[in-house]
4 protein chains.
Amino acid sequence: MNSRSSTLVPETARANEAAILNAALEAFSQKGFNGASMRDVARGAGTSLSNLYNYFPSKSDLLAALLRMANDELLNRIETAVAGAGRRATDQLRAAVEAHVRFVVEHQNASLVALSEIRYLTGAARKRVVAARDRTQGLYEEIVAAGAAGGEFGTPHPEDAARNLVSMLSAISTWYSPGGRLDPDALAAQHARFSMALLETNDRS
Amino acid sequence: MNSRSSTLVPETARANEAAILNAALEAFSQKGFNGASMRDVARGAGTSLSNLYNYFPSKSDLLAALLRMANDELLNRIETAVAGAGRRATDQLRAAVEAHVRFVVEHQNASLVALSEIRYLTGAARKRVVAARDRTQGLYEEIVAAGAAGGEFGTPHPEDAARNLVSMLSAISTWYSPGGRLDPDALAAQHARFSMALLETNDRS
Amino acid sequence: MNSRSSTLVPETARANEAAILNAALEAFSQKGFNGASMRDVARGAGTSLSNLYNYFPSKSDLLAALLRMANDELLNRIETAVAGAGRRATDQLRAAVEAHVRFVVEHQNASLVALSEIRYLTGAARKRVVAARDRTQGLYEEIVAAGAAGGEFGTPHPEDAARNLVSMLSAISTWYSPGGRLDPDALAAQHARFSMALLETNDRS
Amino acid sequence: MNSRSSTLVPETARANEAAILNAALEAFSQKGFNGASMRDVARGAGTSLSNLYNYFPSKSDLLAALLRMANDELLNRIETAVAGAGRRATDQLRAAVEAHVRFVVEHQNASLVALSEIRYLTGAARKRVVAARDRTQGLYEEIVAAGAAGGEFGTPHPEDAARNLVSMLSAISTWYSPGGRLDPDALAAQHARFSMALLETNDRS
DNA sequence: GATGAATGAGCATTCATTCAT
DNA sequence: TATGAATGAATGCTCATTCAT
């Protein structure tokens, strides 16, 4: 149904749960968490309103599940990319950024919802999702700090630069358009360069 | 009442209108446009629900008024800063970024609402606000393009770099905390440096 | 402004009162008493909402004034017509019907409101208006009863025939269209004939 | 609950829908469409306000359903009566009028609402109901035209006479009182006679 | 699991009316 | 007279959620 969500929500097992999650993603990304109704989700999932509650105990839990999956998957992809990138900070960062950009364009709806609807989460669910997000942020900070310490990055503000870098990458979900001027690969390469520049690398490619 | 909104909403004339706008800013920034109710706004403004409609014909119009003011004021400040910055692109950009950062920290709520609630605007109101936002973006693009053409900026992607720069600056409203490590001046200087780095200036200060 | 209301609401003295009454007539006839708002009336009258209450203490009183004028004027015209019609019931009835039809087409809005909005009157105002309406009805009944007693009308149900006659005439306000097939004179003549037929006159013209 | 609505709203299947329709009939006939609230209807139906919307998507749709049923049932009864009345126009008209009168007194609320609240219908719903009403009117016109052509009726204005006849019959709903002087049969017979007279039949019974 | 019906709370908006000026 | 601002109550309608089946 929505190729952009292929790997985020596994459609193989429990077809209904996947349909609900995907419908929620669509609804929340188009109307926002508070603007979308459980009826919207049910309609999109092709099931009844009350059946939603057999899978998710509340609307908030539905959002939490979505954000958890999105953040976990993003973190996972970045970690995998970094792990395979050798030990130079420059290479690790490039790998992270490219994986990040690809995730955002492949799962634009999920990225958008993760960016803009996290504020509607409260309590334990919020803590958990914020923690996942912070781990991603922390990963960037570590790489940047290491690169700054090792002389690869010249920026005098490694932590703040990392934060701004993540802001930049996350914001792609707000303006990217699939049919646009740049394809995902070009976009990834371009943002790798932006990242290097932001961190004041001497070695530009 | 809210020092962060000092100049955005003039409290001198039409006290009630200003109180309503400020209450709406507070409500929308804390709960989102759809999560905040007109009752919230009325309570915050110290007036009755129905009296709100003597000032704004609908909740959407209230949001539109807010976004219009925020975008217009931001654009105005940047234009003024640029106009007083000489003709080198580097100087103009630094002036723009510093004015931008100061606006965001001075009007954090307004900036946050302008960033995240614009999606709930429709029709003519949306067009108008989007146009104001695009003029700001266009101003950055012009400066960057001029600087790239004149050899001040080395970036091979002036337009996209400008877009990411604006993303970065706008996102400050999502994480800035008034009592934090950096005061507004330091933050402005820091982001001026980030901007120069992103555009690959040779001249770093 | 509205020629159909020329004599019902005297526009000479107290221009505002007349404007309000005419605006109310327009509003009530188009949207019904409950569907029209005092704001509608104010807008139509070209004055402020609150100023309405300097002339009429409540929306109900405004309706009452309207209905009183409409019923009084109708009764007055019919009485005048009957008084000038000689003493044969046939002639009196014809005069009454023709005056009645002319009133309805000249004051269609007022007639429509008098027919369909009287139900929203309560208390003393209702009593007074119902009394006026019943006097008109009574006049018809008297003429028909006299004509039946004198052999001019053959109907065996004078009172019920009179009621149905009035129903028929009042209903003209619900379907008459100024630019239609029949002009007021033709319509009056036609309904005079219908009335004679209904009462089973031997003398048909 | 309301014996006057016995056949109009079938209470056998879907008990709630019938209860809502009957409550709406009661509410609209007593307070008018705009004067009655959905809360009134819910109270009368013995259910919650929000549950109303599981049966009818809007107040207008509720009115439309009511008017559709009323007009369809009236038309149906008249058609059935006419079909069983032989081929003389006089007999057909008498049958139509008697069926009409019986419908009005049996379903006085529905008849009253159909007469006076049709103006609050808009769009497609209005078109549909107006069409049903016009078919009834057309049926009368056809009978009268045939009778006039065949010499049974002497009226020189068959179409207009038919219209006034329908006005007369519809208006019964505005003044009839169940415990009154005339029982339904007598009323039907009386109005059959009025109809014949109005059309200037030679043969009076 | 899955459904349709049900509900109480809440929503944006409009109302007739009042009041200070 | 005339007004703009104000209000409490009510409006039609939607919401997330529950429950009996």
Side-chain angles (χ1 to χ4, degrees), chain A residues 14-17 20 33-42 45-63, chain B residues 14-17 19-20 31 33-42 45-63, chain C residues 14-17 20 33-42 45-63, chain D residues 14-17 19-20 31 33-42 45-63:
Chain A
R14 286 202 285 188
N16 254 340
E17 189 172 323
I20 292 171
F33 176 69
N34 279 311
S37 73
M38 289 299 266
R39 274 168 178 85
D40 290 333
V41 175
T47 187
S48 70
L49 171 62
S50 42
N51 197 30
L52 260 38
Y53 290 85
N54 286 323
Y55 294 85
F56 299 93
S58 77
K59 194 186 181 190
S60 281
D61 285 284
L62 189 43
L63 176 63
Chain B
R14 287 199 286 190
N16 256 339
E17 191 173 320
I20 291 171
K31 303 185 170 186
F33 177 68
N34 279 313
S37 73
M38 289 298 265
R39 280 166 178 86
D40 290 333
V41 176
T47 186
S48 69
L49 170 62
S50 47
N51 196 30
L52 258 39
Y53 291 85
N54 286 326
Y55 294 85
F56 299 94
S58 76
K59 194 186 180 189
S60 281
D61 284 283
L62 189 42
L63 177 63
Chain C
R14 285 203 285 188
N16 254 340
E17 189 173 323
I20 292 171
F33 176 68
N34 279 311
S37 72
M38 290 297 267
R39 275 167 177 86
D40 290 332
V41 176
T47 187
S48 70
L49 172 61
S50 42
N51 197 29
L52 259 38
Y53 291 85
N54 287 324
Y55 293 85
F56 300 93
S58 76
K59 195 186 180 190
S60 282
D61 285 285
L62 189 43
L63 177 63
Chain D
R14 287 199 286 189
N16 256 339
E17 191 173 322
I20 292 170
K31 303 185 169 185
F33 176 69
N34 279 312
S37 72
M38 289 298 265
R39 280 163 180 86
D40 290 333
V41 175
T47 187
S48 69
L49 169 62
S50 47
N51 197 29
L52 257 39
Y53 291 87
N54 287 325
Y55 294 85
F56 299 93
S58 75
K59 194 187 182 188
S60 283
D61 284 283
L62 188 44
L63 177 62

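Below, chain A is the first sequence line, B the second, and so on; all start at residue 1. All values reported here derive from a predicted model rather than from experimental measurement.
- Going from atom NZ of A:K59 over to atom P of F:dA16 covers 4 Å, rounded to whole Å.
- Nearest heavy-atom pair across D:Y53 and D:S58 is CE2-CA, 4.1 Å.
- Following rounding to the nearest Å, B:L49 (CG) and E:dG10 (P) show an atom-to-atom distance of 14 Å.
- What separates CG of C:N34 from P of F:dG12 is a distance of 11 Å, to the nearest Å.
- Side-chain polar atoms of A:S48 and A:N51 form no donor-acceptor pair below 3.5 angstrom.
- Under the Watson-Crick and G-U wobble criteria, each requiring two contacts below 3.5 Å, nucleotide F:dT21 is paired to E:dA2.
- Using a 4.0 Å cut-off, some side-chain N or O of A:N16 falls inside it from OP1 or OP2 of E:dA2.
- Judged by distance alone, with hydrogens and angles left aside, the side-chain atoms of B:K31 form no donor-acceptor pair with the main-chain N or O of B:S37 at under 3.5 Å.
- We find that CE of A:M38 is positioned 16 Å from C1' of E:dG4, with the value rounded to whole Å.
- Between the P atom of E:dT3 and the OH atom of A:Y53 lies a distance of 15 Å, rounded to the nearest Å.
- At whole-Å resolution of the value, CG in D:D40 and C1' in F:dG12 are 12 Å apart.
- In this structure E:dA16 sits in a base pair with F:dT7, meeting the Watson-Crick or G-U test at under 3.5 Å.
- If you take CG of D:D61 and P of F:dG12, they are 14 Å apart, rounded to a whole angstrom.
- C:T47 has a side-chain polar atom (N or O) that falls below the 4.0 Å cut-off from OP1 or OP2 of F:dT3.
- Looking at B:R39, its side chain has no donor and acceptor atom pair within 3.5 Å of the base of E:dG10.
- Along DNA chain F, the nucleotide closest to B:N54 and the one closest to D:S37 are compared, and the more 5′ of them pairs with B:N54.
- Distances were taken from every side-chain heavy atom of D:Y55 (C-beta onward) to each of E:dA5, E:dG1, E:dT13; the shortest belongs to E:dA5.
- The side chain of D:S48 sits closest to E:dA6 out of E:dA2, F:dA6, E:dA6.
- Within 4.0 Å of A:S50, counting heavy atoms only, lies at least one base atom of the nucleic acid.
- Across the protein-nucleic acid pair, B:N51 atom CG and E:dT18 atom C1' stand 13 Å apart, rounded to whole Å.
- Here the closest non-hydrogen pair linking B:F33 and B:K59 is O-NZ, 2.7 Å.
- A:A36 comes within 4.0 angstrom of sugar-phosphate atoms only, judged by non-hydrogen atoms across all strands, and of no base.
- Across all non-hydrogen atoms, the minimal contact from D:I20 to D:V41 is O-CG1, 3.9 Å.
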